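The block underneath contains the structure these notes are about, expressed in structure tokens.
Atoms within each ligand, like the ligands themselves, are counted from 1 in listed order. Values in this document were obtained by computation on a predicted structure and should not be read as measured data.
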Amino acid sequence: MRISVIGAGYVGLVQTAIMANIGHDVMCVDSDPEKIKKLKNGECPIYEPELQDMIEDAKAQIFYGNTVEQAANWGEIVFVCVGTPEKEDGSPDLQYIDNVAKEIGESMREHIIVVNKSTVPPGTAHRVKEIIQKYQKFPTTFDVVSNPEFLREGCAIHDAMNGDRIVIGTDNWKTAEKLIEAYQELQTQVFLTDTISAEMIKYASNAFLATKISFINAIAQICEQVGADVKEVARGMGLDHRIGDKFLGAGIGWGGSCFGKDTSALIHIADQIGYDFKMLKATKEINEQMPKEFIQKIQTNLNGVNDKIIGVLGVAFKPDTDDMRDARSIPIIQKLVKEGAIVKVYDPVAKHNAEKILTNVQWTNTIEELAENTDAILIITEWKEFKDIKWREIKQKMRNPRIFDGRNMFEEEEMKRIGYEYYSIGRPNKEGIHNQ
Ligand code: UDX
């Protein structure tokens, strides 16, 4: 099948790689010439495990271009994967979707299925249909489908290949059949519904996941005060199938390109129809509170941070990505610097993106270099490699062996045995520090 993908961001590139590996001939277009140049040279413009290899493996089946016109006249299915960033009032900015719809209208010459993968407010498929109709130069039939994307950064390929469901929103059975055929190889269950419900499923899913994390973070606050261990609590809760054990990891909160933007959008959508979505507002508030609580904990235990040397392990919004969007590291580091701390930073992958945002910090290339002379080390992103840190050796390099673990990667007992003061989230400190 001939497939087009408009937008070479996370969603578009993963869609390109998956469709080409299935065996389809894919035209991937992006208005950014730099991105396309890189792709044509075999270079993936984003860091995402397995993506580069998948694109390389299927390179004979991937074609690149810069215009919507090329996409509209290549594929029988045209996936729209452009950004819907957050506007100042919290609503999603649909200008890129609208522009693509207009250009598709102006350039399409034969029947196509326009598939919206971008996260868009309920009713957008209808809006796209109207725009295409308005600008159509060559009258032909077409259909607009909603097919929201649920992949997570850092494991996007795995998620796309092993998704829990493919949601297809359409009012046309023949169109659905065509799309199911395009995805058939993945053998993922398909959930067929109408376009507006499909669009809503995406917002509701992300809002629910963000709420689940904020809920456990609120529980963590209580755990610290009453002497419970939030990890144990989450484990015990997760055994109940109705709750499930996923997304109950307490920490300094969620970040990334989706949760913040999509919760804001849903609050805005609700506001517009006169529903005050208090619960989702609280989800966001708790998330904003988590870095503040963390900083407070550092300040209290360090007796202020002015002139203290603090090492930060991990700055990406989560492991296995170089994405810094809405990363919790940003408010934490900025506040520490403002309070007079000397902040040293290490991240295995995100440095090139983070440097632009986190100024006034010292970048280090190794964890040993980071630890040198520090009064505390903060764990902000739970990169797997941090599990293998030789903490005994690191301790020798530090001025004061203290760890503030914002992701609950380690156990207090273990760290105390090595001689660290250890603080985490939702796990009260036990008395007595053993030194060895
Ligand atoms: C999310 C959704 O999971 C995905 O379905 C959607 O398509 C896009 O948004 P993503 O933002 O890539 O994916 O990452 P995700 O793994 O969901 O993590 C989001 C944030 O939540 C990260 O900052 C992560 O550190 C945090 N998180 C996740 C927790 O704090 N605790 C958890 O238990 C899980």
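With hydrogens left out, the protein atom closest to atom 13 (O) of ligand 1 is Arg152 CG, 3.6 Å, a heavy atom. Nearest protein heavy-atom neighbour of atom 5 (O) of ligand 1: Phe150 O, 2.6 Å.
The closest approach between a heavy atom of Gly255 and any atom of ligand 1 is below 4.0 Å. Ligand 1 has at least one atom lying under 4.0 Å from a heavy atom of Cys258.
Contact check on Arg242 versus Asp240 returns a salt bridge, with a Lys/Arg side-chain nitrogen under 4.0 Å from an Asp/Glu carboxylate oxygen. Note on Lys390 versus Asp388: no salt bridge recorded, every NZ/NE/NH1/NH2 to OD/OE distance being 4.0 Å or above.
Around atom CG of Asp194, more than 12 heavy atoms belonging to other residues, nucleotides or ligands sit under 6.0 Å away.
Considering backbone and side-chain N/O of Phe259, none are found under 3.5 Å from N/O of ligand 1. Considering both main-chain and side-chain atoms, Trp254 never comes within under 3.5 Å of ligand 1 through any nitrogen or oxygen pair. By the 3.5 Å distance cut-off applied to N or O atoms, Ile213 is not counted among the residues near ligand 1.
No close placement of the Trp363 and Tyr346 rings is indicated, their centers lying 6.0 Å or farther apart.
The closest donor-acceptor contact from the side chain of Lys344 to the backbone of Glu369 lies under 3.5 Å.
Scored by the ring-ring contact (aromatic ring centres under 6.0 Å, His included) test, Trp74 finds Phe63 as partners (sequence neighbours excluded).
No part of Asp262 comes within 4.0 Å of ligand 1, judged by heavy-atom distances.
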